[in-house]
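One structure is given here, and the rest of the page talks about it.
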There are 2 protein chains.
Amino acid sequence: MKYREKLRNSGLRPTKQRIQICEVLFDTDKTFHFTINELEQKIKKKTNTKISLATVYNTVHAFEKKGYLKQIPINSNQTYFDTNVSDHHHFYDLKEEKLIDLENADVGPINIKRKIDGKKIKSVEILVRLES
Amino acid sequence: MKYREKLRNSGLRPTKQRIQICEVLFDTDKTFHFTINELEQKIKKKTNTKISLATVYNTVHAFEKKGYLKQIPINSNQTYFDTNVSDHHHFYDLKEEKLIDLENADVGPINIKRKIDGKKIKSVEILVRLES
DNA sequence: ATGTAGTTTATAATGATTCTAAATAAAGTG
DNA sequence: CACTTTATTTAGAATCATTATAAACTACAT
């Protein structure tokens, strides 16, 4: 199984739960955005097994730390994650409360001219809020 | 008092609490970022009176709706607000958990090339995460 | 097989935010 | 001014996402 390797190589034990979560997250061409609750629903539907909510949180955070998931900075009561970890930005449709990917080509290069001593830029994220 | 007018003109009754909160937020040259809890502390210090937490929430949301405050999109367990409502961006220092203003000139023009039918761009915000 | 270190789990705890309903205060009316 | 109406404040309760806890379980090395 492909995910066993991937997990082991990241120093994460390939448990049944982690492999199932991998399948839900990564067995698809399209990347997608999700909240923890949405992910829990997907897992239930796809695998017909119940993974503890705590495990879902743990796993998502572990995957984020390893760079397999990204948090999307947005003001919402729930945290949004993205399976698309490439450098890219987002539209946020305020009415639908839906995120839409913006490819880097849709935005053009961004040049942050100011530097802060002793600090490195880790990420640059644009959120474009949309209204109707 | 200047804030009485401002409030009345926005359709908000100029109550003692709202005026005090205005003083804490706007009686300063520098704009600043805050969470609700930080604001509550500031109010206590500056006015020596206690305003109910619920009122602080209500007022901040009312002011946001009127455009006197902006929410800053960031992943944190607390919501950050900004008294600087002009178009600008932010550094977020991950270690210090501190926001730093980025002037528009520090970033250069941003051109969102993609359009979504029937939607207008309401805001474009960049978050630059900093690590040490 | 056996030990150990990492994981999972149900449940409890935390903490920011929102809700509720009663008390209070501002504005409007005669 | 009285008096009514309507908005606002308030303490405390409720909600809800997330994190902590600690016991049971499991992958893996020896």
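The basis for the numbers below is simple: all heavy atoms, side chains too, and nothing from hydrogens, waters or symmetry mates. Throughout, protein chains are lettered first and strands after them, A, B, ... in sequence-line order, and every chain is numbered starting at 1.
Of the candidates D:dT18, D:dT10, D:dC28, the closest approach to any side-chain atom of B:Ser52 belongs to D:dT10. Across D:dT18, C:dA26, C:dT9, the shortest atom-to-atom separation from the side chain of A:Gln17 is found for C:dT9. Listed nucleotides: D:dT9, D:dT8, C:dT8. Nearest to the side chain of B:Leu12: D:dT8. When the nucleotides C:dA26, D:dT9, D:dC28 are ranked by their closest atom to the side chain of A:Arg13, D:dC28 comes out on top. Minimum atom distance to the side chain of B:Ala54 is reached by D:dA11, of the listed D:dA11, C:dT8, D:dT9.
At the phosphate of D:dT9, OP1 or OP2 sits under 4.0 Å from a side-chain N or O atom of B:Thr15. Between A:Arg8 and the phosphate of D:dC28, there is a side-chain N or O to OP1/OP2 separation shorter than 4.0 Å. In this structure, B:Tyr57 does not reach the C:dT18 phosphate: none of its side-chain N or O atoms is under 4.0 Å from OP1 or OP2. OP1 or OP2 of C:dT18 has at least one side-chain nitrogen or oxygen of B:His61 nearer than 4.0 Å.
Protein atom CG of A:Asn9 is 16 Å distant from nucleotide atom C1' of D:dC28, rounded to whole Å. In this entry the distance linking CG of B:Asn37 with P of C:dT18 reads 13 Å, nearest Å. Spacing between atom CG of B:Asn58 and atom P of C:dA16 amounts to 18 Å, rounded to whole angstrom units. Straight-line distance from the NZ atom of B:Lys65 to the P atom of D:dA7: 14 Å, rounded to whole Å. We find that NZ of A:Lys16 is positioned 10 Å from C1' of D:dT26, with the value rounded to whole Å. Distance OH (B:Tyr80) to P (C:dA16): 11 Å, rounded to an integer number of Å. Following rounding to the nearest Å, B:Arg18 (CZ) and C:dT24 (C1') show an atom-to-atom distance of 14 Å. Following rounding to the nearest Å, A:Arg4 (CZ) and D:dC28 (P) show an atom-to-atom distance of 7 Å.
Counting only residues at least two apart or on different chains, no salt bridge (Lys or Arg N to Asp or Glu O under 4.0 Å) pair has a member in residues 41-53 of chain A.
Electrostatic pairing of A:Asp106 and B:Lys115 does not count as a salt bridge here, judged by no charged N lying under 4.0 Å from a carboxylate O. Here B:Glu125 pairs with A:Arg129 in a salt bridge; the nearest charged N to carboxylate O distance falls below 4.0 Å.
Mapping A:Lys50 and A:Gly11 onto DNA chain C via the closest heavy atom, the residue that lands nearer the 5' end is A:Gly11.
Among the protein residues, A:Thr79 comes within range of the sugar-phosphate backbone only, with heavy atoms under 4.0 Å from sugar or phosphate atoms but none that close to a base.
In this structure, B:Phe32 and B:Phe34 have tilted ring planes: the angle between them lies in the 30° to 60° band.
Cation-pi geometry between B:Lys122 and A:Tyr92 is not met: the NZ or CZ atom fails to fall both under 6.0 Å from the ring centre and inside 45° of the normal.
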